[in-house]
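Quick note on labels: first sequence line is chain A, next is B, and so on, each numbered from 1.
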Protein chains: 2
Amino acid sequence: MTASAAQTSPRKRTGNGAARRIDADEIGLDGLIGHAGYAVRRFQIWIFQDFIKTLREVDIRPTQYSVLTVIGANPGLSQMAVAKRLGIERARLVHLLDSLEERKLLKRVKSKSDRRSHALHLTAQGETALAGFKRLAAEHERHIEEKIGKANRERLLQILAGFT
Amino acid sequence: MTASAAQTSPRKRTGNGAARRIDADEIGLDGLIGHAGYAVRRFQIWIFQDFIKTLREVDIRPTQYSVLTVIGANPGLSQMAVAKRLGIERARLVHLLDSLEERKLLKRVKSKSDRRSHALHLTAQGETALAGFKRLAAEHERHIEEKIGKANRERLLQILAGFT
DNA sequence: AGACGATTGTTGTCGTCAACAACAATCTTC
DNA sequence: GAAGATTGTTGTTGACGACAACAATCGTCT
């Protein structure tokens, strides 16, 4: 996108209220370039949108996917443990689990050793569904490769490995 | 944070309701590792929190900073141009500008050439304030270097240059 | 000149998400 | 057993993206 074609007039910085048609790609970012946060924010928005689009047919959003994946890999976790691991507020996790439980993808089992907590498990249906989600997620990951290059994607994962 | 110390029992995968004290760092991410989106999300959260913390004394959030920076570098831009350049909804920009204008950091000048639009300018106060913000933002950027390394930060900016 | 469509700023709604605070039930510890 | 901590839950707040509608204005076509 943003197919350049900035063939507007050369003069810039028109004093005050003077307005000329301005293409977005000819506006200087100035100090913003060189800010990692800005680049990362834009990149993250792009990634999430592609993830949502790629998994739209199964109606799974990134956070839901991360919850299902963690529970699938560690059955019996408590909500507290999942929340801490994924950096989600336990208050927020409640609603996430509500919707996933309504969709019969997982279930809350009352723990016998600690009657406050719930042990989280995928349903059989949830297991098979998750397998499908993972295939789509892999496709999404390929989109990223196409966007920034295979080597860059791996370098990126390596750089950010400490934040998992 | 998360000072390891995972000296809990070796057995895992306790069947059903059996709950044992579990440290967050011993929970497998499984398929989540290798997902660029997950790493980027965590990284972005970390960056934003550090930015907010570093600029708390001046009460400036990342989005506000990006708006001020772009206007500072391109005085006279319309709201539409700023919104398009930063990927912000113009509806959302209205509130952002409201608060910044209330704080006397910028002003909306009625454009004479196009009476629908406003030409955005920093106030004198806004210019000097922005200089201070930029110093703090540079400090924030140094925090990132300390976190992932100077070389990695530059590589990152290079990889994500297409998303500015 | 006049009409029609597009653009700009604005207001509003909706849903996602992080951050808190409060609460009942339950566990842990003294 | 009492006091304090933890777990799941409900609720509120505020930042944010997406969308729809609207009045004022511009550009264009005839």
Between the protein and nucleotides 18-22 of chain D, which nitrogen or oxygen pairs come in under 3.5 angstrom?
unit_1	atom_1	unit_2	atom_2	d
D:dA18	OP1	A:Q49	NE2	2.5

field: Nucleotide C:dC17, atom C1' - distance to CZ of B:R42 in whole Å
entry: 14 Å
task: Could you pull out all residues at least two apart from B:R103 that satisfy salt bridge (charged side-chain N to carboxylate O under 4.0 Å, His left out)?
output: B:D59
field: d(CD1, A:I88; C1', D:dG8) in whole Å
entry: 15 Å
message: Test side-chain contact (heavy atoms from CB on, under 4.5 Å) on A:R153 and A:K147; report intermediate values, then the result.
response: CA-CA 9 Å; A:R153 176 181 163 277; A:K147 187 74 177 177; over 6 Å; no
Please list, pair by pair, any protein nitrogen or oxygen found under 3.5 Å from a nitrogen or oxygen in nucleotides 1-5 of chain D.
none

- prompt: Does the side chain of B:R115 get closer than 4.0 angstrom to OP1 or OP2 of D:dG27 through an N or O atom?
  reply: no
query: Rounded to whole angstrom units, what separation is found between the CG atom of B:D59 and the P atom of D:dG14?
result: 13 Å
field: Listed partners of B:F51 passing ring-ring contact (aromatic ring centres under 6.0 Å, His included), at least two apart
entry: B:Y65, B:H140
- prompt: Is B:L100 reachable from B:V58 through a run of I, L, V, M, F, W or Y residues, each pair having side-chain heavy atoms under 4.5 Å apart?
  reply: yes
field: A:L157 to B:G34 - nearest heavy-atom pair and separation
entry: CD1-O, 3.8 Å
- request: Nearest-nucleotide wise, let me know which of A:L96 and B:D98 is further upstream toward the 5' end of DNA chain C.
  value: B:D98
- prompt: Whole-Å distance between C:dA25 C1' and A:M80 CE?
  reply: 16 Å
- request: Figure out the CZ/P separation between A:F51 and C:dT16, and round it to whole Å.
  value: 15 Å
message: Could you work out, with side chain to side chain contact (heavy atoms under 4.5 Å, CB included) as the rule, every residue matching B:K150, not counting sequence neighbours?
response: B:E145, B:E154
field: Check: B:I33 and B:Y38 side chains under 4.5 Å, non-hydrogen atoms
entry: no
- prompt: Sequence neighbours excluded, which residues qualify as salt bridge (charged side-chain N to carboxylate O under 4.0 Å, His left out) partners of A:E101?
  reply: A:R108
field: Steps toward side-chain contact (heavy atoms from CB on, under 4.5 Å) verdict (A:I45, B:F163)
entry: CA-CA 10 Å; A:I45 290 175; B:F163 291 91; over 6 Å; no
query: Expressed in angstrom and rounded to an integer, what is the separation of B:H95 atom NE2 from D:dG14 atom P?
result: 14 Å
Phosphate OP1/OP2 of C:dT7: any B:Q79 side-chain N/O under 4.0 Å: no
- line: Rounded to whole Å, the CG-P distance (A:L93 to C:dA18) equals 11 Å
- request: Answer yes or no: does a side-chain N or O of A:S117 lie under 4.0 Å from OP1 or OP2 of D:dT6?
  value: no
- request: Would you please confirm or rule out a distance under 4.0 Å between OP1 or OP2 of D:dG17 and any side-chain N or O of A:R41?
  value: yes
query: Just how far, in rounded Å, is P of D:dT10 from CG of A:L97?
result: 12 Å
- request: Could you check B:R61 against A:H118 and say which one's nearest nucleotide on DNA chain D is further toward the 5' end?
  value: A:H118
